[in-house]
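Worksheet for the structure shown next.
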Amino acid sequence: MQIKRVGLLTGGGDAPALNAFIRAAVVRLIHGGASAVGIADGWRGMIDASGRELSPADVAGIAAEGGTILGASRTNPFKNPERDLPRIAEGWCRLGLDALIAVGGDDTLGVAERLHRESGLGVVGVPKSIDNDLPGTDCAFGFHSAVEAAARAMDDLAATARAHRRVLVVECMGRHSGWIAAYAGVAAGADYVVVPEEPLDVAGLCRRLTASRAAGRQHNIVAVAEGVELGGELVTADGGRDDFDHERLGGVGELLARLIAMKTGLECRHVVLGHLQRAGRPTAFDRILATRYGVFAAEMALAGQFGRMAVLRGSELAAVPMDAAVGRTRPLDEDFRKMMRMFFTG
Ligand code: F6P
């Protein structure tokens, strides 16, 4: 079957370089003789049959912009499958699609994989996550930009921490994995990094800070991932949950700052970097990575490689079955953790 019309949707939280991805996929699809249809707001657009054809002019000049020109949502069609799955099938026909490229994290790709398996729709997956917690790929685009934003924030926060001789606890995004906190923390020379992959050792952390002060250091930066548990529980912002039943995280930085102050007597403050980590312009590295993913995914769709997703293995892109990658998370590499410990203990 010749693939003539391919939908593109961006689901889950947005990530820097989504627009670079969209531009590349649209250009490659048109180059391959197909048309590209931008689906609005993730899976919600498929349910509502909301999409429009994209021309090269629509995507010119967007590669450097953050966000996504298509819009994103955490809509989960499997939350109410009796109502929404028939609507997706109908939307697919109304939009005249032969294939769909779904870009997102584990939730979006989980829906893509299930739709392909249960309804036979021609779906190609692309991993995107600032958290970098998707298995199967060595690096998801958006991660590099988030690390850059977090590391720069830590660099800047060091100035005010130093001026007041304070400890600044910097809360980074990272629901299941501590990739951003760890990479940004190491890049910014933080005094300690706390990630969900390692048991939280408050006594060791406090010893480390106190020892650094005794050795002449006048301030400290502690990076913590939002998904770190305190007392065996995730710290949640407001008790709210999304369509995939994930709690909204937030607050671990504040609690940790209070604990450190209590145990060390040092003056502490906390900062939640939050959405600033995914709000800015993508780094050039992410723009190029997303461009390569976009071209590759478009070629997969044109070749009818459905039920598969594009992944980065070393420096090469490859197409692997989606079911091998969804439903699991990817922890911070053991090697990186080992290296990190060298800086943060003793
Ligand atoms: O995309 C994942 C993520 O960045 C998590 O780290 C964070 O918990 C979540 O998004 C917050 O996103 P939102 O506020 O859009 O629900």
Side-chain angles (χ1 to χ4, degrees), residues 6-32 34-42 45 51-73 101-105 108 124-132 134 137-156 172-174 179-180 183-184 187-188 273-301 310-312 315-317:
V6 180
L8 274 175
L9 74 77
T10 52
D14 66 323
L18 275 170
N19 284 328
F21 173 90
I22 294 165
R23 176 191 65 153
V26 168
V27 168
R28 182 63 186 94
L29 288 170
I30 293 171
H31 194 256
S35 28
V37 180
I39 309 295
D41 305 338
R52 70 179 181 96
E53 211 167 300
L54 296 172
S55 71
D58 289 322
V59 296
I62 66 168
E65 302 299 330
T68 158
I69 60 162
L70 302 179
S73 74
I101 299 174
V103 190
T108 304
V124 167
V126 176
K128 162 265 6 160
S129 161
I130 64 159
D131 294 353
N132 204 34
L134 299 167
T137 188
D138 289 352
C139 189
F141 64 82
F143 169 62
H144 189 267
S145 305
V147 170
E148 188 69 27
R152 282 187 191 282
M154 288 179 205
D155 292 343
D156 292 347
C172 301
M173 281 188 171
W179 287 90
I180 300 176
Y183 271 51
L273 296 183
H275 295 82
L276 283 170
Q277 290 158 103
R278 59 183 218 219
R281 280 176 180 266
T283 58
F285 176 90
D286 262 342
R287 295 180 211 177
I288 296 295
L289 182 60
T291 298
R292 291 180 61 208
Y293 267 112
V295 169
F296 193 82
E299 286 170 357
M300 284 172 69
V311 294
L312 185 72
S315 59
E316 299 300 319
L317 286 161

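Keep in mind that this is a model prediction, so the values were computed, not measured.
Nearest heavy-atom pair across A310 and F296 is CB-CD2, 3.7 Å. Heavy atoms only, all atoms of each residue included: N19 and G66 are closest at ND2-O, 3.0 Å. For A290 against A20, the heavy-atom pair with the smallest separation is CB-CB, 4.1 Å. The heavy-atom pair separating A298 from A25 by the smallest distance is CB-O, 3.8 Å. When every heavy atom of G104 is checked against every heavy atom of L134, the shortest pair comes out as O-CD1, 4.0 Å. Considering every non-hydrogen atom in both P127 and A140, the closest pair reads O-CB, 4.0 Å.
Atom CZ of residue R152 and atom CD of residue Q277 lie 14.5 Å apart, to the nearest 0.5 angstrom. One distance of note links SG of C139 with CG of N132; it measures 5.0 Å at 0.5 Å rounding. Note that the CG atom of L273 and the CE atom of M154 stand 6.0 Å from one another [nearest 0.5 Å]. Note that NE2 of H31 and CD of E299 are 10.0 Å apart. Values are rounded to the nearest 0.5 Å. Atoms CD1 and CD1, on I69 and I22 in that order, are 5.0 Å from each other to the nearest 0.5 Å. Of the inter-residue distances, the one linking D41 atom CG with T10 atom OG1 reads 8.0 Å to the nearest 0.5 angstrom.
Under the 3.5 Å distance criterion, the side-chain polar atoms of T68 are left unmatched by any main-chain donor or acceptor of D14. A donor-acceptor contact shorter than 3.5 Å links the side chain of D58 to the backbone of S55. Between the side chain of R23 and the backbone N or O of T291, no donor-acceptor pair lies under 3.5 Å. The closest donor-acceptor contact from the side chain of K128 to the backbone of P16 lies at 3.5 Å or more, if one exists at all.
S129 pairs by the side chain to side chain donor-acceptor pair (under 3.5 Å) definition with D133, not counting sequence neighbours. In terms of the side chain to side chain donor-acceptor pair (under 3.5 Å) criterion, residue partners of D286 (sequence neighbours excluded) are, by chain and number, S145. In this view, Y293 and F141 satisfy the ring pair (Phe, Tyr, Trp, His ring centres under 6.0 Å) rule, not counting sequence neighbours.
When side chains are defined from C-beta on, T108 counts as touching L9, because their heavy atoms get closer than 4.5 Å. The closest side-chain heavy-atom distance from D131 to W179 is not below 4.5 Å. In this structure, I130 and M173 have side chains that are in contact, with non-hydrogen atoms separated by less than 4.5 Å. Side chains of R52 and L54 form a contact here, defined as non-hydrogen atoms less than 4.5 Å apart.
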Point to revise | side-chain contact (heavy atoms from CB on, under 4.5 Å) between L289 and H144, intermediate numbers included | key: CA-CA 10 Å; L289 182 60; H144 189 267; over 6 Å; no
**Study point:** Step-by-step side-chain contact (heavy atoms from CB on, under 4.5 Å) determination, V147 to T283
**Key:** CA-CA 10 Å; V147 170; T283 58; over 6 Å; no
